[in-house]
Amino acid sequence: MSNRNGSEEQLYEVVDSFANNYFNLRYSNAMRFCTDDSHRWLKWAASNVTQEDIDVLHKTDKAASVQVESAESINDSLSTVRITVNNYLLMDSIGKPGRIVKSDNFIIRAIIKDGKWLVRMEALPRSEKKSHD
């Protein structure tokens, strides 16, 4: 990535790497692709994973997969990237195990910091769908 700093290709790589780690519950790996102020969201997400959620994941035969669809430049240092995530664990309300969702679309925000794209989380990623039923 060193020779692609700040490029659209590097933006796609960072978002893809972040999302693949995030949606496969590898939060500590996902941190490498985020701004420092985003780490609190990943720590919060990790603290809410239950054994029931892990059990649901172990029953699936496919890991979550990510497809980067498109990027839209907001300004010189901010972009939004639309991704499709397949076969991911949707955490449910407290007291209920999560469930596997076939496919959803998400918007991920990224900023340029020191010449490199990083994901900037202002909350946990939420799907564009109103209902998951």
Side-chain angles (χ1 to χ4, degrees):
M1 278 194 236
S2 60
N3 61 351
R4 296 188 298 273
N5 289 352
S7 71
E8 185 175 3
E9 183 179 356
Q10 197 256 344
L11 170 63
Y12 278 47
E13 287 175 358
V14 164
V15 170
D16 180 73
S17 295
F18 163 79
N20 270 295
N21 282 295
Y22 177 85
F23 287 103
N24 283 294
L25 307 187
R26 295 187 303 257
Y27 300 123
S28 60
N29 290 343
M31 283 185 182
R32 296 185 339 201
F33 305 99
C34 294
T35 59
D36 290 343
D37 59 336
S38 299
H39 292 183
R40 67 185 173 112
W41 291 106
L42 294 169
K43 289 175 184 176
W44 188 84
S47 72
N48 284 286
V49 176
T50 67
Q51 184 59 50
E52 290 175 313
D53 296 327
I54 300 299
D55 293 343
V56 169
L57 278 178
H58 286 152
K59 290 178 186 173
T60 64
D61 56 349
K62 294 181 189 174
S65 63
V66 175
Q67 175 67 42
V68 177
E69 302 294 343
S70 61
E72 181 180 341
S73 179
I74 305 303
N75 59 41
D76 288 344
S77 61
L78 175 65
S79 288
T80 57
V81 181
R82 188 169 195 268
I83 63 172
T84 300
V85 182
N86 300 300
N87 201 53
Y88 74 96
L89 179 71
L90 174 65
M91 303 290 202
D92 214 325
S93 56
I94 296 173
K96 292 183 180 179
R99 59 190 169 90
I100 301 298
V101 175
K102 259 188 166 173
S103 184
D104 269 338
N105 295 319
F106 293 83
I107 301 293
I108 304 294
R109 296 173 68 95
I111 65 167
I112 291 230
K113 186 171 182 174
D114 298 327
K116 294 183 181 182
W117 285 105
L118 293 170
V119 169
R120 182 169 184 218
M121 298 175 70
E122 296 173 351
L124 296 179
R126 296 184 60 155
S127 79
E128 294 182 321
K129 286 185 181 178
K130 299 242 189 252
S131 172
H132 292 94
D133 296 325

Quick one: [atom1] on [X] to [atom2] on [Y], what's the gap to the nearest 0.5 Å?
X      : Y      : atom1 : atom2 : answer
Met31  : Asp36  : CE    : CG    : 10.0 Å
Arg32  : His39  : CZ    : NE2   : 11.0 Å
Asn86  : Ile100 : CG    : CD1   : 11.5 Å
Ile83  : Glu128 : CD1   : CD    : 9.5 Å
Cys34  : Tyr27  : SG    : OH    : 12.0 Å
Arg126 : Leu90  : CZ    : CG    : 10.0 Å

Short side-chain to backbone donor-acceptor contact, Asp16 and Tyr12, under 3.5 Å | no

Return yes if some donor-acceptor pair links the side-chain N/O of Asn29 with the main-chain N/O of Asn21 below 3.5 Å, else return no.
->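 Such a contact is absent between Asn29 side chain and Asn21 backbone.
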
Cluster check [X], [Y]: I/L/V/M/F/W/Y, side chain < 4.5 angstrom:
X      : Y      : value
Ile107 : Ile111 : no
Phe33  : Trp44  : yes
Tyr22  : Leu118 : no

Contacts of Arg120 that satisfy side-chain hydrogen bond (donor to acceptor under 3.5 Å, both in side chains) - sequence neighbours left out = none

Candidates Ser79, Ser77, Ser7 - the one meeting side-chain contact (heavy atoms from CB on, under 4.5 Å) with Trp117 = Ser79

Side-chain heavy-atom pair Phe18, Leu42 within 4.5 angstrom cut-off =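 They are in contact (side-chain heavy atoms under 4.5 Å apart), so the answer is yes.
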
Met121 and Arg40, any side-chain heavy atoms less than 4.5 Å apart =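 Contact flag for Arg40/Met121 side chains = no.
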
Show the atom names and distances, to 0.1 Å, of all donor-acceptor pairs under 3.5 Å that link a side chain in residues 49-56 to residues at least two apart or in another chain.
| residue | atom | partner | partner atom | Å |
| --- | --- | --- | --- | --- |
| Thr50 | OG1 | Glu52 | N | 3.4 |
| Thr50 | OG1 | Asp53 | N | 3.1 |
| Thr50 | OG1 | Asp53 | OD2 | 3.1 |
| Gln51 | NE2 | Asp55 | OD1 | 2.9 |
| Asp53 | OD1 | Gly98 | N | 2.7 |
| Asp53 | OD2 | Thr50 | N | 3.0 |

Considering all heavy atoms, the nearest Ser127-Asp104 contact | CB-OD2, 3.4 Å

Please lay out, stage by stage, how Leu89 and Met91 fare under the test side chain to side chain contact (heavy atoms under 4.5 Å, CB included).
-> CA-CA 6 Å; Leu89 179 71; Met91 303 290 202; 3.9 Å; yes

With a 6.0 Å cut-off on ring centres, are Tyr88 and Phe106 close enough?
-> yes

List the atom pairs, with distances to 0.1 Å, where a side-chain N or O of residues 65-74 and a protein N or O form a donor-acceptor pair under 3.5 Å, not counting sequence neighbours.
| residue | atom | partner | partner atom | Å |
| --- | --- | --- | --- | --- |
| Glu69 | OE2 | Thr84 | OG1 | 2.8 |
| Ser73 | OG | Asn75 | O | 3.1 |

